[in-house]
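The structure displayed is predicted, hence computed values, not measured ones. Basis for what follows: all heavy atoms, side chains included, without hydrogens, waters or symmetry-related copies.
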Amino acid sequence: AIIIATLYDADAYGNIRKARENKGQTFQIIGKLDKSKAVIFDPSANNMRLEFFMCDENNDTVKVVYWGEKPRDFEKLEQVVVTGMMKENYFEATTLLLKCPSKYTKDKTGEQQYESIK
C-alpha cells in the first residue's frame, strides 16, 4: 500500500504540452531559460514573485511563475527543472531545481534547489 501511495503522489515528468493538456496535475518539466524574453522579479509583491519563460525539449515555451526569491545568477542557468502545475496561461512552479555552469556554483554538481514560499 505504501509503494502504491508513493507512486500516485510522485510528480510525473512531462513536457509543456502534456502539462497544458492536464491542468491541475503536478508535473516536473526539464527545460532551459528562454533568454530572448525578460526575467521579471518583483520583491515588493506578496511573497516575492519571479516570472520567466522556459523552453522544453520540443521547443515549446511557457511562462513560469514562482513565488520566492530570485536565485543568484539566475540568468546564467544551463538548465532548470520546475515542479508545479499549469494554470490558465502560465505554469506555477512550487520548486525550482537549477543547473548552473560549474564556475558559478560552489558544489560539484552545480545543482541548486529552491522551494516556493507561497
Locate the shortest heavy-atom distance separating Ala19 from Phe91; write the atom from each residue and the value. CB-CE1, 4.3 Å

Can you tell me how far the CG atom of Leu97 sits from the OG1 atom of Thr83, to the nearest 0.5 Å? 8.0 Å

Hey, any chance Leu33 and Phe27 share a hydrophobic cluster, counting ILVMFWY side chains that come within less than 4.5 Å of each other, even indirectly? yes

Could you report the tightest heavy-atom contact between Ile30 and Glu57, atom names first, then the distance? O-OE1, 4.1 Å

Can you tell me how far apart OH (Tyr66) and OG1 (Thr94) are? Round to the nearest 0.5 Å. 8.5 Å

Salt bridge between Glu75 and Lys70, side-chain N to carboxylate O under 4.0 Å? yes

For Arg17 against Asp56, the heavy-atom pair lying closest together: N-OD2, 4.4 Å

Is there a side-chain contact between Val65 and Lys87 (heavy atoms, below 4.5 Å)? no

Dump the intermediate steps for side-chain contact (heavy atoms from CB on, under 4.5 Å) on Leu50 and Leu96, then the final yes or no. CA-CA 11 Å; Leu50 174 64; Leu96 300 177; 4.3 Å; yes

Taking a hydrophobic cluster as the set of Ile, Leu, Val, Met, Phe, Trp and Tyr residues connected by side-chain heavy atoms closer than 4.5 Å, whether directly or through intermediates, do Tyr90 and Trp67 fall within one such cluster? yes

For side-chain contact (heavy atoms from CB on, under 4.5 Å), just list the numbers for Met86 and Glu21, CA-CA rounded to whole Å, side-chain angles, deciding distance to a tenth of an Å, and then say yes or no. CA-CA 9 Å; Met86 281 299 298; Glu21 292 171 354; over 6 Å; no

For the pair Ile16 and Asn58, evaluate side-chain contact (heavy atoms from CB on, under 4.5 Å) and give the outcome as yes or no after the intermediate values. CA-CA 9 Å; Ile16 293 168; Asn58 299 321; over 6 Å; no

Could you tell me the separation between the NZ atom of Lys37 and the NZ atom of Lys63, rounded to the nearest 0.5 Å? 10.5 Å

Linked, directly or transitively: Phe53 and Phe41 (ILVMFWY side chains, under 4.5 Å): no

Can you hop from Val80 to Met85 via hydrophobic side chains spaced under 4.5 Å? no

Apply side-chain contact (heavy atoms from CB on, under 4.5 Å) to Lys32 and Leu77, showing your working. CA-CA 8 Å; Lys32 293 184 177 190; Leu77 289 176; over 6 Å; no

Examine Phe52 together with Phe74 and report whether their ring centres are nearer than 6.0 Å. yes

